[in-house]
Trainee: 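Take this structure first; my questions come after.
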Amino acid sequence: MTVEILDSPGEVAETLAVRLLDQLVALQRTRAEVHLGLTGGTIATTMYQRLGALAPVRDIDWSQVHLWWGDERWVSPDSPDRNDLGARAGLGQIWDLVTLHRMPANEGGDLDAAAAAYAAELGDTVLDICLLGLGPDGHVASLFPGHRSEQQTGRVIAVRDSPKPPPERISLTLEVINNADEVWFVATGSEKAEAAARAVSGDDELPSGRARGRSRTCWWLDRDAAAQLPTGD
């Protein structure tokens with residue numbers, strides 16, 4: 001596990017975008033396709049904006065990059081609550097070049113069927129990098145501590161009665177997240193400090209404390225989010 005602490009949210013977004021581009025270049029030297037799991041949230045959206053701005057100067061075959069989502073809100077396709085809208089706005093021209101695997105939106109269908117459809121699309125895909133945000137309660141994707149979402153089995157689940165609105169969602173499970181080659185957490189702000197400290201230490205009461213990449217787990221934090229980390233981390 002590595003923990004990188006930056007001075008500000010802006011520096012977190014910039015550094016993460018640069019490192020992600022570096023890693024995509026390195027991965028494409030060794031394989032035909034790269035599978036990247038995306039997360040939502042303000043800092044992730046800012047990072048996607050930097051990624052979109054920096055991408056034209058990097059030697060990446062975007063047609064061989066697959067974008068997946070860790071979770072999505074079960075709302076209408078044009079709802080501002082959708083995680084993928086922030087990614088689309090930030091990534092710019094990249095959006096039209098990559099292979100997109102967007103989670104279904106609520107267009108009058110069935111939530112369970114939508115989750116099952118995404119599970120079928122995902123199949124046995126292994127994510128090369130899975131980006132994860134962090135909730136103040138320690139949740140990742142739409143897996144919430146003490147909620148039935150973290151106990152459900154399978155690779156993709158329907159989430160109901162989410163503690164955080166909107167109440168209905170689709171989420172990858174820890175089975176998929178923990179099978180990713182690398183898991184990259186990103187968190188900023190003092191409201192994330194306690195959860196970050198507990199998750200970094202491996203607190204198994206939190207889904208984030210149990211989320212780990214097979215090869216590497218990276219944390220990208222600003223100083224506020226890192227404020228409660230034990231000395232030496």
Side-chain angles (χ1 to χ4, degrees), residues 1-17 19-20 36-51 68-73 81-84 86-87 90 103 127 129-147 149-151 157 159 162-166 169-180 182-214 216-230 233:
M1 179 184 292
T2 61
V3 179
E4 186 151 351
I5 302 170
L6 290 309
D7 286 333
S8 67
E11 190 173 346
V12 169
E14 179 76 19
T15 303
L16 181 56
R19 298 290 180 84
L20 184 56
L36 175 63
L38 301 187
T39 185
T42 302
I43 189 62
T45 298
T46 303
M47 186 275 290
Y48 299 142
Q49 292 169 350
R50 295 304 303 142
L51 196 69
W68 302 86
W69 269 260
D71 72 323
E72 188 56 274
R73 288 80 177 268
D81 286 330
R82 291 277 300 183
N83 284 332
D84 59 12
M103 286 186 166
L127 299 177
I129 302 172
C130 181
L131 300 175
L132 292 176
L134 176 71
D137 61 354
H139 81 265
V140 290
S142 284
L143 308 177
F144 296 90
H147 186 263
S149 57
E150 66 170 335
Q151 305 297 332
I157 60 171
V159 177
S162 162
K164 180 181 178 181
R169 298 156 174 255
I170 299 172
S171 181
L172 301 185
T173 64
L174 287 179
E175 177 181 333
V176 177
I177 293 169
N178 288 346
N179 195 43
E182 299 190 10
V183 166
W184 292 17
F185 282 94
V186 55
T188 61
S190 58
E191 72 277 8
K192 307 290 182 69
E194 180 181 356
R198 292 177 62 187
V200 168
S201 69
D203 187 336
D204 62 10
E205 292 186 1
L206 302 180
S208 52
R210 304 196 303 275
R212 297 290 185 267
R214 288 184 297 118
R216 185 167 65 146
T217 304
C218 304
W219 283 84
W220 310 86
L221 305 170
D222 71 352
R223 294 201 178 278
D224 287 339
Q228 295 186 34
L229 291 181
D233 281 328

Trainee: Before giving the answer on side-chain contact (heavy atoms from CB on, under 4.5 Å), spell out for Ile43 and Met47 the whole-Å C-alpha distance, their side-chain angles and the decisive distance to 0.1 Å.
Mentor: CA-CA 6 Å; Ile43 189 62; Met47 186 275 290; 5.8 Å; no
Trainee: Evaluate the criterion side-chain contact (heavy atoms from CB on, under 4.5 Å) for residue pair Leu132 and Ser208; output intermediate values, then yes/no.
Mentor: CA-CA 9 Å; Leu132 292 176; Ser208 52; over 6 Å; no
Trainee: With side-chain contact (heavy atoms from CB on, under 4.5 Å) as the test, would you mind laying out the steps for Val200 and Met1 before giving the verdict?
Mentor: CA-CA 9 Å; Val200 168; Met1 179 184 292; 3.9 Å; yes
Trainee: Would you say Asp204's side chain and Arg210's backbone share a donor-acceptor pair under 3.5 angstrom?
Mentor: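 No; zero donor-acceptor contacts below 3.5 Å.
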Trainee: Check Val159 against Ser171 and note the closest heavy-atom contact, atom names and distance.
Mentor: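 Looking at all heavy atoms of both residues, the closest pair is CG2-CB, 4.1 Å.
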Trainee: Let me check something: any side-chain donor-acceptor pairs from residues 189-199 under 3.5 Å, sequence neighbours excluded? List them with distances.
Mentor:
from   : atom 1 : to     : atom 2 : distance (Å)
Lys192 : NZ     : Leu134 : O      : 2.9
Arg198 : NE     : Asp203 : OD2    : 2.7
Arg198 : NH2    : Asp203 : OD2    : 3.0

Trainee: For Lys164 and Arg73, run side-chain contact (heavy atoms from CB on, under 4.5 Å): C-alpha distance rounded to whole Å, both residues' side-chain angles, the deciding distance at 0.1 Å, then the answer.
Mentor: CA-CA 10 Å; Lys164 180 181 178 181; Arg73 288 80 177 268; 4.3 Å; yes
Trainee: For the backbone of Cys218 and the side chain of Glu182, can you confirm whether one donor and one acceptor N or O come within less than 3.5 Å of each other?
Mentor: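 Flag not set: sc Glu182 to bb Cys218 has no pair under 3.5 Å.
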Trainee: Please check if the side chain of Thr217 supplies one atom and the backbone of Val183 the other of a donor-acceptor pair under 3.5 Å.
Mentor: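 Not at all, since once roles are kept as given, no pair shorter than 3.5 Å links the two residues.
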Trainee: Using 0.5 Å steps for rounding, measure from the CD atom of Glu11 to the OG1 atom of Thr188.
Mentor: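 One finds 12.5 Å between CD of Glu11 and OG1 of Thr188.
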Trainee: Using the ring of each side chain (for Trp, its six-membered ring), is Phe144 parallel, tilted or perpendicular to His139, with breaks at 30° and 60°?
Mentor: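 Tilted.
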Trainee: Which heavy atom of Ala225 sits nearest to which heavy atom of Ala187, and what is that distance?
Mentor: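 Closest approach of Ala225 to Ala187, heavy atoms only: CB-O, 3.6 Å.
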Trainee: Does Glu175, at its CD atom, have more than 12 non-hydrogen atoms belonging to other residues, nucleotides or ligands within less than 6.0 Å?
Mentor: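 Yes - once you tally the heavy atoms of other residues, nucleotides and ligands closer than 6.0 Å, there are more than 12.
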Trainee: Do Leu131 and Tyr48 have side chains that get closer than 4.5 Å, going by heavy atoms?
Mentor: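 With C-beta onward as the side chain, the pair touches.
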Trainee: Roughly how far apart are Ser201 OG and Leu206 CG, rounded to 0.5 Å?
Mentor: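 Taking OG in Ser201 and CG in Leu206, the distance rounds to 8.0 Å.
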Trainee: With sequence neighbours left out, write down each residue that passes salt bridge (charged side-chain N to carboxylate O under 4.0 Å, His left out) with Asp7, or none if nothing qualifies.
Mentor: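 Partners of Asp7 under the salt bridge (charged side-chain N to carboxylate O under 4.0 Å, His left out) test: Arg223.
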Trainee: Distance check, rounded to the nearest 0.5 Å: Leu172 atom CG versus Ile157 atom CD1?
Mentor: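 If I round to the nearest 0.5 Å, the distance is 9.0 Å.
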Trainee: Atom CH2 in Trp69, atom CG in Leu38: separation rounded to 0.5 Å?
Mentor: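 Rounded to the nearest 0.5 Å, the CH2-CG separation comes to 5.0 Å.
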Trainee: From Ile129 CD1 over to Arg216 CZ, what is the distance, rounded to the nearest 0.5 angstrom?
Mentor: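 Separation between the atoms: 7.5 Å.
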Trainee: Using the test side chain to side chain donor-acceptor pair (under 3.5 Å), find all partners of Ser149 that sit at least two apart in sequence or belong to another chain.
Mentor: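 For Ser149, the residues satisfying side chain to side chain donor-acceptor pair (under 3.5 Å) (neighbours in sequence not counted) are His147.
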Trainee: How would you list, by chain and number, every residue that makes a salt bridge (charged side-chain N to carboxylate O under 4.0 Å, His left out) with Asp137, sequence neighbours excluded?
Mentor: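 Expected list: none.
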Trainee: Atom CD in Glu4, atom CH2 in Trp184: separation rounded to 0.5 Å?
Mentor: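 One finds 10.0 Å between CD of Glu4 and CH2 of Trp184.
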Trainee: Does Arg50 have any salt bridge (charged side-chain N to carboxylate O under 4.0 Å, His left out) partners at least two apart in sequence or in another chain, and if so, which?
Mentor: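 Testing Arg50 for salt bridge (charged side-chain N to carboxylate O under 4.0 Å, His left out), a comparison that skips the adjacent residues, returns Glu14.
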Trainee: Taking only residues two or more places apart in sequence, or in another chain, which ones meet Arg169 in a salt bridge (charged side-chain N to carboxylate O under 4.0 Å, His left out)?
Mentor: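 With sequence neighbours excluded, Arg169 shows a salt bridge (charged side-chain N to carboxylate O under 4.0 Å, His left out) to Asp71, given in chain and number order.
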